[in-house]
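Computed from a prediction, not measured in an experiment: that's the story for all the values here. Convention: sequence-line order gives letters A, B, ...; per-chain numbering from 1.
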2 protein chains.
Amino acid sequence: MPTPHYGQPRYRAIADELRRRIENGVIPPGALLPAESTLTAEFRAARGTIRKAIATLRDEGFAATEQGRGTYALSHLDSAKSGDAVEKKTSLRTVPASAEIARVLGIETGSLLVEKQTILRRHGIAYSLTREYRIPPG
Amino acid sequence: MPTPHYGQPRYRAIADELRRRIENGVIPPGALLPAESTLTAEFRAARGTIRKAIATLRDEGFAATEQGRGTYALSHLDSAKSGDAVEKKTSLRTVPASAEIARVLGIETGSLLVEKQTILRRHGIAYSLTREYRIPPG
DNA sequence: AGAAATTTGTCCGTATGTATC
DNA sequence: AGATACATACGGACAAATTTC
């Protein structure tokens, strides 16, 4: 079989279809997507093509994958079902830069950074932890 | 030839090597990386493996690719290229929870979390790194 | 202007490794 | 321990964009 991809590539069309299913609730948040082998059969595409489609969804934040387990749908636009109050707690501290973070910020490992931590809770239960690192002024 | 990847995958090792060359100025910002066919010969890896390594560098902001042309080296210490706007780069991955984060979120250490990382740059210089951790649904 | 060469993009098939169930 | 599912790697083929002649 030849490999034409006139117009839109197949992996993108497949990603579009899977994204639709997630947004429409056909695959609800938290549910596993069909296995790669299953999708291979359904779309009649090679595994590499299926994997590229799923990678697209990961990049977009629609899905997350765990080796040996599967790929599950994420709730992309929440976490507002609010009305119920969201409690937000922010704290500041100074921390040394890890090697990983230092590389991204283009500074030396161990340099001091300002870390702003935000914890989001609902009904007293923390569901999100955010840490922002910045190079201190001066 | 078998296809083992004990320890670190080959594509990551290749990405590390190329990143080193960019950071060390062996491949200066704006210069083209060797063609995929050339890298295939040098590292004796399949083209897909080379492409995966380059994709890693793209995600990290060390390179940019144009079809029919090649892959350019970038530098986050380099200005130019984009205007005065703030460049925002978001990536998503799953990571095990550190003890500290696990405590805050009330989960077990090592549990898998979804990490959304956002890097803010201006004039090509990263000045803010944000990491948000959430418990995956399901 | 046109054709050929170069380079990246997509797709297929297969095999093996690694993590989870 | 076996089955299932994702991860890595190989090799080959054709498509599309750019450069070169």
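Contact check of residues 33-41 of chain A against DNA chain C (heavy atom, cut-off under 4.0 Å) returns no residues at all.
Close to D:dA7, at under 4.0 Å from its OP1 or OP2, lies a side-chain N or O of A:Arg51. Note on B:Lys52: a side-chain N or O is less than 4.0 Å away from OP1 or OP2 of D:dT8.
A search for side-chain contact (heavy atoms from CB on, under 4.5 Å) contacts involving B:Pro34 returns B:Ile27, B:Thr38, B:Leu39, not counting sequence neighbours. When the side-chain contact (heavy atoms from CB on, under 4.5 Å) test is applied to A:Ala15, the partners found at least two apart in sequence or on another chain are A:Arg19, A:Ala53, A:Thr56, A:Leu57. Annotation: side-chain contact (heavy atoms from CB on, under 4.5 Å) contacts of A:Thr130 (sequence neighbours excluded): A:Thr118, A:Ser128, B:Thr130, B:Glu132.
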Which pairs, protein N/O on one side and nucleotides 2-4 of chain C N/O on the other, fall under 3.5 Å?
none

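Rounding to whole angstrom units, CD1 of residue B:Ile50 and P of D:dG11 are separated by 11 Å.
At a cut-off of 3.5 angstrom, counting only N and O atoms as typed in the model, there is a donor on one side and an acceptor on the other between the side-chain of A:Gln67 and the base of C:dT18. Residue B:Arg47 places no side-chain atom within donor-acceptor reach of the base of D:dA9, judged by atom type and a 3.5 Å distance cut-off alone.
Counting only residues at least two apart or in different chains, salt bridge (Lys or Arg N to Asp or Glu O under 4.0 Å) contacts with residues 95-107 of chain B comprise A:Arg93-B:Glu100, A:Arg131-B:Glu100.
Contacts of A:Gly70 with the nucleic acid, taken as non-hydrogen atoms under 4.0 Å apart, involve only primed sugar atoms and P, OP1 or OP2.
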